[in-house]
Amino acid sequence: MDLVVLGSEGGWPRAGRAACGYLLRHEGFHVWLDAGTGTMANLQRHVTLADVDAVVLSHRHFDHFVDVYPFVLARRYGDAPWPPVPLFAPPGLVAHAMQLEEELVSAFDVREVAPGEAFEVGPFAIETRPMRHPVPTLGLRLAAGGRALAYSADTGPTDDLVALAGGADALLCEATWGDREELAQPFHLLGREAGEHAAGAGTGRLILTHIWPERDRERTAAAAAAAFDGPVELAEEGMVVSL
């Protein structure tokens with residue numbers, strides 16, 4: 001199983017970067033996980049739009065789903081007669097998105113997933129847990145080929161993330177507040193807290209993402225490493241992690 005980072009910026013992207021989005025691939029099957037600003041352009045560096053077999057969205061904040069809109073246009077007006085793509089999302093996300101584009105559902109076979117439910121798509125078995133965030137948010141554990149990746153989406157400190165990531169080969173974890181302890185609020189994580197969750201879960205490696213653009217990324221990684229004795233990496237656009 002490969003994880004390809006399409007974007008890793010928290011909230012809004014810095015110049016030349018993209019908000020959160022990832023490509024998971026295994027045995028020729030491609031899952032687009034979160035579709036933040038700019039991720040569709042980067043997606044096409046790795047696969048064609050017709051190669052997307054499923055879309056999984058963690059929650060309805062725009063920096064995680066807004067690029068489904070150009071994807072709908074490509075599927076509606078592109079030359080290829082593509083069938084609807086399975087779209088897995090928490091309750092309310094599609095209804096929220098349809099306020100801007102009613103024809104959104106024409107491109108997708110919508111599958112609503114309540115936090116805590118599990119589902120399968122292609123070779124991937126996917127578990128979910130509710131994350132600590134102001135809107136319904138899916139933390140996800142994606143397993144294929146005997147390997148597992150846990151993804152925090154957006155969350156504050158929660159035991160559900162530790163349970164979700166238990167024994168996973170990697171935890172892709174938000175660290176929005178960086179190392180700025182005085183700015184922390186309970187709906188996002190500090191770098192230190194990301195490290196603590198990874199340590200509690202016994203995950204093999206920690207990959208930090210969704211760091212606020214104004215936070216220092218290296219100091220955030222150092223704060224995480226002080227709490228977790230495994231490998232700590234910063235997610236970067238174009239990065240490929242083989243699990």
Side-chain angles (χ1 to χ4, degrees), residues 1-3 5 8 10 20-24 26 31-36 54-61 63-65 88-93 111-177 184 186-211 224 227-233 235 241 243:
M1 175 169 56
D2 289 337
L3 162 70
V5 177
S8 62
C20 281
Y22 315 92
L23 174 67
L24 274 295
H26 184 70
V31 175
W32 186 4
L33 172 60
D34 276 354
V55 177
V56 178
L57 301 176
S58 65
H59 66 293
R60 68 173 184 255
H61 285 158
D63 56 326
H64 292 260
F65 86 88
F88 299 87
L93 189 154
R111 322 276 182 91
E112 193 168 84
V113 180
E117 290 185 1
F119 60 96
E120 295 184 1
V121 60
F124 291 92
I126 303 177
E127 302 174 32
T128 74
R129 290 261 184 161
M131 295 292 98
R132 188 179 179 185
H133 207 50
V135 299
T137 300
L138 302 176
L140 298 125
R141 182 187 179 102
L142 303 99
R147 312 296 281 179
L149 169 74
Y151 173 47
S152 70
D154 283 7
T155 188
T158 173
D159 290 340
D160 277 307
L161 179 55
V162 174
L164 187 73
D169 296 284
L171 170 59
L172 177 63
C173 190
E174 75 123 280
T176 306
W177 306 127
F187 48 85
H188 282 303
L189 295 174
L190 290 154
R192 170 183 58 79
E193 292 170 325
E196 291 169 349
H197 284 71
T203 190
R205 64 202 289 187
L206 174 61
I207 305 168
L208 299 174
T209 191
H210 201 277
I211 299 169
F228 175 61
D229 60 8
V232 176
E233 303 159 85
V241 178
L243 300 176

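Here, residue 1 is the first one in the sequence, and each next residue gets the next number.
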**Q** Would Asp63 and Cys20 satisfy side chain to side chain contact (heavy atoms under 4.5 Å, CB included), going step by step from the backbone distance to the final call?
**A** CA-CA 6 Å; Asp63 56 326; Cys20 281; 5.8 Å; no
**Q** Checking Glu233 now: which residues fulfil salt bridge (charged side-chain N to carboxylate O under 4.0 Å, His left out) with it, not counting sequence neighbours?
**A**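 So Glu233 forms a salt bridge (charged side-chain N to carboxylate O under 4.0 Å, His left out) with Arg205.
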**Q** What residue pairs, at least two apart or across chains, pass salt bridge (Lys or Arg N to Asp or Glu O under 4.0 Å) with a residue in residues 124-136?
**A**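 Every salt bridge (Lys or Arg N to Asp or Glu O under 4.0 Å) pair that includes a residue of residues 124-136, provided the two are not neighbours, is Arg129-Asp160.
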**Q** What's the shortest heavy-atom distance between His26 and Met1, and which atoms?
**A**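 Minimum heavy-atom contact is ND1-N, 3.4 Å.
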**Q** Pick out which of Leu189, Thr209, Ile207, Thr155 makes a side chain to side chain contact (heavy atoms under 4.5 Å, CB included) with Cys173.
**A**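 Of the listed residues Leu189, Thr209, Ile207, Thr155, the side chain to side chain contact (heavy atoms under 4.5 Å, CB included) partner of Cys173 is Leu189.
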**Q** Are any non-hydrogen side-chain atoms of Leu243 and Leu149 less than 4.5 angstrom apart?
**A**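 Counting from C-beta outward, Leu243 and Leu149 do come under 4.5 Å.
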**Q** Pair Val56, Leu140 - check side chain to side chain contact (heavy atoms under 4.5 Å, CB included), show working.
**A** CA-CA 10 Å; Val56 178; Leu140 298 125; 3.8 Å; yes
**Q** Answer whether the closest heavy-atom distance between the side chains of Phe88 and Leu57 falls below 4.5 Å.
**A**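 When only atoms from C-beta onward are counted, Leu57 and Phe88 do not touch, as no gap falls below 4.5 Å.
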**Q** Looking at every non-hydrogen atom in both residues, tell me the closest pair between Ser58 and Pro90 and how far apart they are.
**A**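 Answer, listing the atom of Ser58 first, then Pro90: O-CG, 3.4 Å.
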**Q** Show the nearest heavy-atom pair for residues Val162 and Ala201, with the distance to one decimal.
**A**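 Result for this residue pair: O-CB, 3.5 Å.
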**Q** Let me see the working for Leu142 and Leu33 under side chain to side chain contact (heavy atoms under 4.5 Å, CB included), right down to the final yes or no.
**A** CA-CA 10 Å; Leu142 303 99; Leu33 172 60; 4.2 Å; yes
**Q** What closest approach, in Å, do Leu164 and Thr128 show between heavy atoms, and which atom pair accounts for it?
**A**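 Smallest heavy-atom distance, with atoms named: CD1-C, 4.1 Å.
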**Q** State, to 0.1 Å, how close Pro186 and Pro157 come at their nearest heavy-atom pair, and which atoms those are.
**A**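 Looks like O-CD, 3.9 Å.
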**Q** Please list, chain by chain and in numerical order, all residues satisfying ring pair (Phe, Tyr, Trp, His ring centres under 6.0 Å) with Tyr22, sequence neighbours excluded.
**A**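 By the ring pair (Phe, Tyr, Trp, His ring centres under 6.0 Å) rule, Tyr22 matches Tyr151.
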**Q** Which pair of non-hydrogen atoms, one from Leu171 and one from Ser152, has the smallest distance, and what is that distance?
**A**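 Distance-wise, the nearest heavy atoms are CD1-N, 4.5 Å.
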**Q** If you define the side chain from C-beta out and look only at heavy atoms, does anything of Phe228 sit under 4.5 Å from Thr203?
**A**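 Phe228 reaches Thr203 side chain to side chain.
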**Q** With a 4.5 Å heavy-atom cut-off, do Asp154 and Met131 have their side chains touching?
**A**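 Sidechains of Met131 and Asp154: no contact.
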**Q** What pairs of residues pass the side chain to side chain donor-acceptor pair (under 3.5 Å) test when at least one of them lies in residues 187-199, not counting sequence neighbours?
**A**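 Every side chain to side chain donor-acceptor pair (under 3.5 Å) pair that includes a residue of residues 187-199, provided the two are not neighbours, is Glu174-His188, Thr176-His188, Glu181-Arg192, Arg192-Glu196.
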**Q** Going through the distances and angles, do Val31 and Val55 end up as a side chain to side chain contact (heavy atoms under 4.5 Å, CB included)?
**A** CA-CA 6 Å; Val31 175; Val55 177; over 6 Å; no
**Q** Just grab all the side chain to side chain donor-acceptor pair (under 3.5 Å) pairs involving residues 135-148, residues at least two apart or on different chains.
**A**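 Residue pairs passing side chain to side chain donor-acceptor pair (under 3.5 Å), neighbours aside: Arg147-Asp169.
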**Q** Identify which one of His64, His59, His61 satisfies the ring-ring contact (aromatic ring centres under 6.0 Å, His included) criterion when paired with His210.
**A**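 Option passing the ring-ring contact (aromatic ring centres under 6.0 Å, His included) with His210: His64.
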**Q** What side-chain donor-acceptor pairs closer than 3.5 Å can you find for residues 111-121, not counting sequence neighbours?
**A**
from, atom 1, to, atom 2, distance (Å)
Arg111, NE, Asp109, OD1, 3.4
Arg111, NE, Asp109, OD2, 3.0
Arg111, NH2, Asp109, OD2, 2.8
Glu117, OE1, Ala114, N, 3.4

